[in-house]
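Counting starts at 1 for both ligands and their atoms, in listed order.
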Amino acid sequence: MTATKGYAAQTKDTDLAPWDFDRREVGPHDVQFDITYCGVCHSDLHQIRDEWGGGIFPMVPGHEIVGKVVAVGNEVTKFKVGDLAGTGCMVDSCRVCDNCHRGLEQYCTNGNTLTYNSLEQDKKTPTYGGYANTIVVNEDFVLHISDKLDLAAVAPLLCAGITTYSPLRHWKVGDGHKIAVLGLGGLGHMGVKFGVAFGAEVTVLSTSPRKEEDARKLGAHKFIVTSDPDQLASAAGYFDFILDTVSAEHDYNQYLTLLKTDGVHICVGAPPTPSALLAFSLIPGRKSIAGSSIGGIAETQEMLDFCAEHDIVSDIELIDIKDIQPSYERMLKGDVRYRFVIDMATL
Ligand code: NAP
Ligand code: ZN
Ligand code: ZN
């Protein structure tokens, strides 16, 4: 067994606190890496509070994990001790279904294994995430990290990065497109960076007027305060795509008015509560509302390589793990610029 120090929520009603646990021994195909940094995703908060239901406790959150390899199994070919390594939201999948064969492990039809709050492929062993000092992962689910970029700022690419990169690539967003990024938080700010890098005109739709200057620094061309009806009305029928990163309940019908004919509203934000959708928000203009989950392993590596080539990282605030609870509170208020990353040396 691999003795591990981490931070866990013991129940959905308790704060995170130090918790020691065991990870599996390093198997023939496993990589063990010591965690240097772990990003803080809004999904961590949804899950430790069990807002999506079915939570497995104790829960060690964290799925934006980077660090340095300290051990490899004797069959491992892709990594060696001393390499930089990263793991995102998945640590395994069935590997035999159609989606796994297509590199879409995030849509594994037999159920993939998420990095935490999930079960291994034996369907009984719980997984624990990256708010911890070390992790053991099958080499096929470990990503190579370039040493050209700031490692702490790379961590959020493993979830916020791939979750925004993947749909923009899937819908071939680029030159000539007008896109809106709804919500300027961890995912949103990466959506802006990728949208700009792919050549689209990017508008941020935000509830926070104070974020306008930042949005422009991130590369956004336009900024709309969503609480101002006049500003919203001025963008009616304007966008080809809306990348919706909002974490809380909101009115999809209101934003669908901003799409052109054949426009697509892409949901990546995952509010825990259902929302009423009027068919007439879609019918005139043949509009679609769609969803997208993270990205496959090969695409995640492609995204990391793209970021290394184009010098793209997350804008981060490095925190002590003891400050995780106040950081969650700030995240809930939309007060994050634009991703908290835990410095695991403070564990
Ligand atoms: P975050 O950093 O907290 O950002 C969310 C942003 O949404 C906020 O900064 C705020 O931006 C806006 N917002 C919050 N409450 C709002 C409300 N009531 N109405 C309108 N806007 C609101 O969160 P995140 O880490 O980016 O995650 C965003 C969502 O994506 C979460 O639900 C998360 O679980 C989900 N997620 C999904 C996937 C996937 O695979 N699909 C992957 C990762 C995360 P403004 O201040 O600009 O309004
Ligand atoms: Zn995430
Ligand atoms: Zn599968």
Starting from [atom], which protein heavy atom do you reach first, and at what distance in Å?
atom	answer
atom 16 (C) of ligand 1	Val246 CG1, 3.7 Å
atom 9 (O) of ligand 1	Lys211 NZ, 3.4 Å
atom 40 (O) of ligand 1	Ile294 N, 2.8 Å
atom 3 (O) of ligand 1	His42 ND1, 2.7 Å
atom 30 (O) of ligand 1	Gly269 CA, 3.2 Å
atom 46 (O) of ligand 1	Ser208 OG, 2.5 Å
atom 31 (C) of ligand 1	His46 NE2, 3.5 Å
atom 44 (C) of ligand 1	Ser43 OG, 3.2 Å

Which of the numbered atoms in ligand 1 are under 4.0 angstrom from any heavy atom belonging to [X]?
X	value
Met331	3 (O)
Arg339	24 (P), 25 (O)
Trp52	34 (O)
Val268	30 (O), 35 (C), 36 (N), 37 (C), 38 (C), 39 (C), 41 (N)
Thr245	5 (C), 28 (C), 29 (C)

Tell me whether [X] contacts the main-chain N or O of [Y] through its side chain, where contact means a donor paired with an acceptor under 3.5 Å.
X	Y	value
Thr203	Phe223	no
Lys287	Leu259	yes
Arg24	Met1	no
Thr115	Met90	yes

Lys193 versus Tyr338, side-chain donor and acceptor atoms under 3.5 Å
no

For [atom], state which one of [options] supplies the nearest heavy atom.
atom	options	result
atom 43 (C) of ligand 1	Ser206, Ala270, Cys159	Cys159
atom 41 (N) of ligand 1	Ser292, Gly186, Pro167	Ser292
atom 39 (C) of ligand 1	Ile162, Leu45, Thr163	Thr163
atom 15 (N) of ligand 1	Gly39, Ala248, Cys267	Ala248

I need the [X] [atom1] to [Y] [atom2] distance, nearest 0.5 Å.
X	Y	atom1	atom2	value
Ser293	Gln106	OG	CD	5.5 Å
Arg23	Gln32	CZ	CD	9.0 Å
Ser43	Glu51	OG	CD	10.5 Å

Taking the ring centre of each residue, are Tyr255 and Phe239 less than 6.0 Å apart?
no

Classify the ring geometry between Tyr252 and His265 as parallel (under 30°), tilted (30 to 60°) or perpendicular (over 60°).
perpendicular

If we set the cut-off at 4.0 Å for heavy atoms, which region of Phe340 has an atom near ligand 1: side chain, backbone, both, or neither?
neither

Distance filter under 2.8 Å, centred on the Zn ion (ligand 3) - protein N, O or S atoms that pass it:
Cys94 SG, Cys97 SG, Cys100 SG, Cys108 SG

Any [X] side-chain heavy atom under 4.5 Å of [Y] side chain:
X	Y	value
Leu282	Leu277	yes
Pro61	Leu16	yes
Gln121	Val91	no

Hey, mind stepping through Tyr328 and Asp44 against side chain to side chain donor-acceptor pair (under 3.5 Å) and telling me if it holds?
CA-CA 9 Å; Tyr328 284 146; Asp44 298 345; 4.7 Å; no

Contacts table for residues 172-179: side-chain donor-acceptor under 3.5 angstrom, sequence neighbours left out:
unit_1, atom_1, unit_2, atom_2, d
His177, ND1, Gly174, N, 3.0

Lys333 and Glu329 ion-paired at < 4.0 Å
no

Can you tell me the angle formed at the Zn ion (ligand 2) by SG of Cys159 and NE2 of His63, to 10°?
110°

N or O pair under 3.5 Å between Leu187 and ligand 1:
yes

With the threshold set at under 4.0 angstrom, would you say Phe223 reaches ligand 1 through any of its heavy atoms?
no

